[in-house]
**Q** 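Take a look at the following structure, please.
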Amino acid sequence: MSNPLRDARDRRIPRLAQPCVLVLFGVTGDLARKKLLPAIYDLANRGLLPPGFSLVGFARRAWSDEEFAREMLSAVRQHARTPFRDEVWKQVSDGLRFVSGEFSHPAGFDHLAEVVRELDADRGTGGNRAFYLSVPPAQFPEVIRQLERAGLAGAAPKAGHGWCRVVIEKPFGHDLASARELNDLVGSVFPPASVFRIDHYLGKETVQNLLALRFANTLYEPIWNRGYVDHVQITMAEDIGIGGRAGYYDGIGAARDVIQNHLLQLLALTAMEEPISFDADALRAEKEKALSAVQIPEDLATGTARGQYAAGWQGGIPVRGFLDEDGIAPDSITETYAAIRLGVDNRRWAGVPFYLRTGKRLPTRMTEIAVIFQRAPHLPFNATDASELGQNALVIRVQPDEGVTLRFGSKVPGSAMEVRDVNMDFAYGESFTESSPEAYERLLLDVLIGDPPLFPRHEEVELSWKILDPIEEFWAEKGRPEQYAAGSSGPITADLLMERDGRTWRRL
């Protein structure tokens, strides 16, 4: 929605979407309850949702509109980031509707089309609609075909004019062939600019700050290359097990769940060249160049590692192993830990390894990008003076304590010339008075505005699968992953992967 009194260069006034309908499939799931519904309320509380905004929940439950409103109110009170205000809730609840239906039954989608048309007439949404598919990946094709059949999707929906967008949660396919098949289906129903493949990590402030850190400062970019960087470690560690996600997780595994999307996106942002601007096409083009240059290890046996968590202790409490979890087959070969050494074969990064790792039931929950610099070529200190000096590092903390740490050597106070590592720390919570919005707030708003830079397009998805597919095929031939105790830092083979290169993982 354009404001004739606003200068487009003035970022103090946030952009607003046009009045619209957001249809949320899978509204009864954990993601909707803990993230999406609270994010919608938080956007409204910040004044970022337009008048007339309407939310339609679609699920199998036989709820009325009032029952859906009560469920959303419960989710908002438990999980919203911003304070609860009655007037904001009244604004949101006026636009709530619920449609009961099965994905395989046309009747539910025909009813949905009627509800959307009524909202266009009653709340002035003008045919603007977005469909959020918070459903199991296997159901993406069925929902998309039903939307097309009911006249709800496409460049020009039958029910009216306005824009039409679809949001698809990861994983986008389970390998390259399935990703291409899904891309073809989605592309036959929705124009490319209307498809938003969501990766919530790209909505996190620290991930976006990586671009500011690199390209808004002269301090880092001159040393952001093979001449100064020894290696890069990108880690996503979780201290929880699979919980109630056995039906989704078994057969998917850590690499498909996290590396293919989250960690390879972080690699692309770390390794990419400076874009000419931050519009969608320029940013995506540089990310695609970086992903195109990624090289997998020649010897996958020594360049990758995988594991399954076994029974152990987590936070002083005994926990079950993966094979003992409810819904997991006792002979499952699904990995819960994955580590990969990758190269980026271009002038900037040739010879610099990128180590990616992710796992469940690890000692702590954290996600970070650590750029480890080369050791100084000459140290005029004896071995004792510099025995506690490591390598300089720049660590971008994505979660939970968002910020940046710079590690460097400093003299210890005293008469002796003793040098050891110290940290210079920046934390969002201490430097800014405004708390960081949740990733889903930023991404949902971008969908409604139609701003796509933070959403990977299909070329990025296919490049990621090209990297991961050979590794998954190799692992499939090797049987069961190595066991590691819950609460430990992962399988022994992951440590050996680093030791062979003369390096060590950062401590979890």
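Note that this is a predicted model, so its numbers are computed, not measured.
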**Q** Going by atom types only, do Y249 and T336 share a side-chain donor-acceptor pair under 3.5 Å?
**A**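 There is no such pair (donor and acceptor under 3.5 Å, judged by atom type) between the side chains of Y249 and T336.
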**Q** Of L356, T367, T358, which is the lone residue that meets side-chain contact (heavy atoms from CB on, under 4.5 Å) with V258?
**A**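 So, applying the side-chain contact (heavy atoms from CB on, under 4.5 Å) to V258 and each of L356, T367, T358, only T358 qualifies.
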**Q** Looking at E460 and K287, is there a salt bridge between them, counting it only when a charged N and a carboxylate O are closer than 4.0 Å?
**A**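 Counted as a salt bridge, because a side-chain N and a carboxylate O are separated by less than 4.0 Å.
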**Q** Look at the side chain of R85 and the backbone N and O of N45, then say whether any donor-acceptor pair between them is shorter than 3.5 Å.
**A**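 Yes; judged by distance alone, with no hydrogens or angles, the pair exists.
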**Q** Would you call the rings of Y41 and W89 parallel, tilted or perpendicular if under 30° counts as parallel and over 60° as perpendicular?
**A** tilted
**Q** Donor-acceptor pair, distance only, cut-off 3.5 Å: does the side chain of E482 make one with the backbone of I492?
**A**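 At least one qualifying donor-acceptor pair exists.
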**Q** Answer yes if the side chains of R306 and T493 hold a donor-acceptor pair under 3.5 Å, and no otherwise.
**A**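 Their side chains do not contain a donor-acceptor pair, so the 3.5 Å distance test is not met.
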**Q** What I want to check is whether the side chains of T304 and W475 have a donor and an acceptor closer together than 3.5 Å.
**A** yes
**Q** Are side-chain N/O atoms of D239 and T364 paired as donor and acceptor at under 3.5 Å?
**A**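 Absent: no donor and acceptor within the cut-off.
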**Q** The test is side chain to side chain donor-acceptor pair (under 3.5 Å); show your working for S74 and R33 and say whether it passes.
**A** CA-CA 9 Å; S74 173; R33 179 174 179 80; 2.9 Å; yes
**Q** Check this for me: does any side-chain nitrogen of one of D42 and R46 sit under 4.0 Å from a carboxylate oxygen of the other?
**A**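 No, no charged N to carboxylate O under 4.0 Å.
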**Q** If you draw a 6.0 Å radius around NZ in K411, do more than 12 non-hydrogen atoms from other residues or ligands fall strictly inside?
**A** yes
**Q** Is the shortest distance from a Lys or Arg side-chain nitrogen in R284 or E459 to a carboxylate oxygen in the other one below 4.0 Å?
**A** no
**Q** Quick one: does NZ or CZ of R77 land under 6.0 Å from the six-membered ring centre of F84, within 45 degrees of the ring axis?
**A**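 Relative to the ring axis of F84, which defines the angle, R77 lies inside both limits.
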**Q** What distance separates Y132 OH from L443 CG, expressed to the nearest 0.5 Å?
**A** 7.5 Å
**Q** How long is the straight-line distance from CG of L463 back to CG of L468, given to the nearest 0.5 Å?
**A**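 Separation between the atoms: 13.0 Å.
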**Q** Look at the side chain of R348 and the backbone N and O of W224, then say whether any donor-acceptor pair between them is shorter than 3.5 Å.
**A**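 Indeed, once roles are kept as given, a pair shorter than 3.5 Å links the two residues.
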**Q** Do R397 and E368 meet the salt-bridge criterion of a basic N to acidic O distance under 4.0 Å?
**A**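 Looking at R397 together with E368, the answer is no, because their closest N to O distance does not fall below 4.0 Å.
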**Q** Which residue is it: E325, Q483, R320? I am looking for the one with a side-chain hydrogen bond (donor to acceptor under 3.5 Å, both in side chains) to Y309.
**A**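 When side-chain hydrogen bond (donor to acceptor under 3.5 Å, both in side chains) is applied between Y309 and each of E325, Q483, R320, only E325 qualifies.
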**Q** Donor-acceptor pair, distance only, cut-off 3.5 Å: does the side chain of R214 make one with the backbone of T270?
**A**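 Between the backbone of T270 and the side chain of R214 there is a qualifying donor-acceptor contact (under 3.5 Å).
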**Q** Could you tell me the separation between the CD atom of Q265 and the OG atom of S464, rounded to the nearest 0.5 Å?
**A** 6.0 Å
**Q** May I ask you to decide whether D299 forms a salt bridge with R341, counting only side-chain N to carboxylate O separations under 4.0 Å?
**A**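 R341 and D299: not salt-bridged.
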**Q** Just verifying a value: how many Å separate T235 OG1 and L263 CG, rounded to the nearest 0.5 Å?
**A**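 Going from the OG1 atom of T235 to the CG atom of L263 covers 8.0 Å.
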